[in-house]
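Please read the structure below before turning to the comments.
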2 protein chains.
Amino acid sequence: MSQARTDTRERIEQVALKLFTEKGYDRTSLREIAEQLGVTKAALYYHFKSKEEILQGIVSGRRKDVQELVDWASTLPRNLESRKEILKRIAALVESKWRPMIRFAQANQTRMGMRHADDETPPLDYMRQLLSLVSDAGAGPTAQFKSILAVVGLLIGAIGMDTLFPTESDADFSQIALEVAFELIS
Amino acid sequence: MSQARTDTRERIEQVALKLFTEKGYDRTSLREIAEQLGVTKAALYYHFKSKEEILQGIVSGRRKDVQELVDWASTLPRNLESRKEILKRIAALVESKWRPMIRFAQANQTRMGMRHADDETPPLDYMRQLLSLVSDAGAGPTAQFKSILAVVGLLIGAIGMDTLFPTESDADFSQIALEVAFELIS
DNA sequence: GTCTATAGAAGGATAGAC
DNA sequence: GTCTATCCTTCTATAGAC
């Protein structure tokens, strides 16, 4: 059948996401991406006009979720219950869809602070928006700090425990992180 | 006097640390380092035999502190008071000497996971040792998770608050982080 | 849509004069 | 201890055939 492969663009992003996460954006060459896909560099340039654009494709594709979350959260009253709901939703997203993206962002932090297109918000700013959702601006600095630590904890629980501090137990750290997060904002 | 500049090696490390932190190791070229120092690339190669060695110089120079801390902590009895003392000491070190190094490590995470010389422990492993000091191996997963979050909180308090989530208040987040850390391990 | 071939740039590293 | 000049490799990116 030699099917026409209409999903090549997507496959490129998948492989790139994997390699960018493992080795970092800069140490990943287009040759390497092409090799893993079984195509040549030139083929990549048919789908993306630059290496930078591959990165953008990966990031932009995931923007929507954050934006939706922010929009939804903005409609909620600003109280403890809301913040708990927001944490829950963040935890669920981290668990279900964001995990690879978070690992990627962690591995390419300096890149994430850069603007990609002139009109685009740097990806790091989305993280900041997320944090501001959970932190109560009116509260004191201690409460604000705890809120941030709660969110960071969710990320660590979902992605960091194995890499950061391998433990024997196969406990569900995502669930634990959520409970600790609740304690922290209460 | 045109002094002989006996401190060039050190000055190279300083500039390199700064640039590696701001832009990442890979995006920093030797040309750039040399330019900021007012010398040429070739001059760098008199002091270091490779770019990688500059990185090693930066990292190794700071190994001693961690090792001392680990050694000291190993002599303590394994109880709550000890863990509080360890947290205090970590907080003090972060505050006084480690700040630039932590920023650097954060900006070059994938690099930090790599072994530099064959006989060397990857820098990331020092972080793991640090975490294991504070976490009570006998305790349940929730307690372990909290311990790790306590240490991470110390780092965020000292370096991350401005960058991660700029706040108007000029509160001393290092102090706050330490208090929250105590709560978390209690 | 993928290929070969190659241009063009940049970086790491070395040789040798001073 | 620092310089100029140069080499080698690797990478991004493009041109053009199939």
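So that the names make sense, note that chain A is the first sequence line, chain B the second, and so on, each numbered from 1.
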Nearest of dA13(D), dT2(C), dT2(D) to any side-chain atom of Ala43(B)? dT2(D)
Work out which heavy atom in Ala139(A) is nearest to a heavy atom in Ala143(A); give both atom names and the distance. CB-CB, 3.6 Å
Between Thr8(B) and dT2(D), is there a side-chain N or O to OP1/OP2 distance below 4.0 Å? yes
What nucleotide among dA15(C), dT4(C), dC11(D) has an atom nearest to a side-chain atom of Arg31(A)? dC11(D)
Count the heavy atoms of every other residue, nucleotide or ligand shown that sit under 6.0 Å from CD of Glu10(A), and state whether that count exceeds 12. no
Separation of atom OH in Tyr45(A) from atom C1' in dG16(D), rounded to whole Å: 17 Å
Look at the side chain of Lys51(B) and the base of dG11(C), then say whether one donor and one acceptor between them are separated by less than 3.5 Å. no
To the side chain of His47(B), which of dG1(D), dA13(C), dT14(D) is closest? dG1(D)
Among dA15(C), dG12(C), dG1(D), find the nucleotide with the atom closest to the side chain of Ser29(B). dG12(C)
Given dT14(C), dT2(C), dT2(D), identify the nucleotide with an atom nearest to the side chain of Val39(A). dT2(C)
Distance check needed: dT10(D) P versus Leu30(A) CG, whole Å only. 15 Å
Checking contacts here: which listed nucleotide (dT14(D), dT2(D), dG1(C)) is nearest the side-chain heavy atoms of Ala42(A)? dT14(D)
Glu52(A) CD to dC11(D) C1', straight-line distance once rounded to whole Å: 15 Å
dT2(D), OP1 or OP2 - any side-chain N/O from Tyr46(B) closer than 4.0 Å? no
What is the distance, rounded to the nearest whole Å, between atom NZ of Lys41(B) and atom C1' of dC7(D)? 11 Å
Distance check needed: dG1(D) P versus Leu37(B) CG, whole Å only. 15 Å
Arg63(B)/Glu120(B) under side-chain contact (heavy atoms from CB on, under 4.5 Å): CA gap, chis, key distance, verdict: CA-CA 11 Å; Arg63(B) 283 197 136 85; Glu120(B) 255 186 11; 3.5 Å; yes
Rounded to whole angstrom units, what separation is found between the CD atom of Glu10(B) and the P atom of dG1(D)? 14 Å
Mind checking whether Phe104(A) and Tyr25(B) sit in one hydrophobic cluster, side chains of I, L, V, M, F, W, Y counted as touching below 4.5 Å? no
Whole angstrom value for the distance that separates P of dG11(C) from CD1 of Ile33(B): 11 Å
Measure across Lys23(A) and Thr28(A) and return the closest heavy-atom pair with its distance rounded to 0.1 Å. CB-OG1, 3.9 Å
Using whole Å, report how far CD of Glu35(A) lies from P of dC3(C). 12 Å
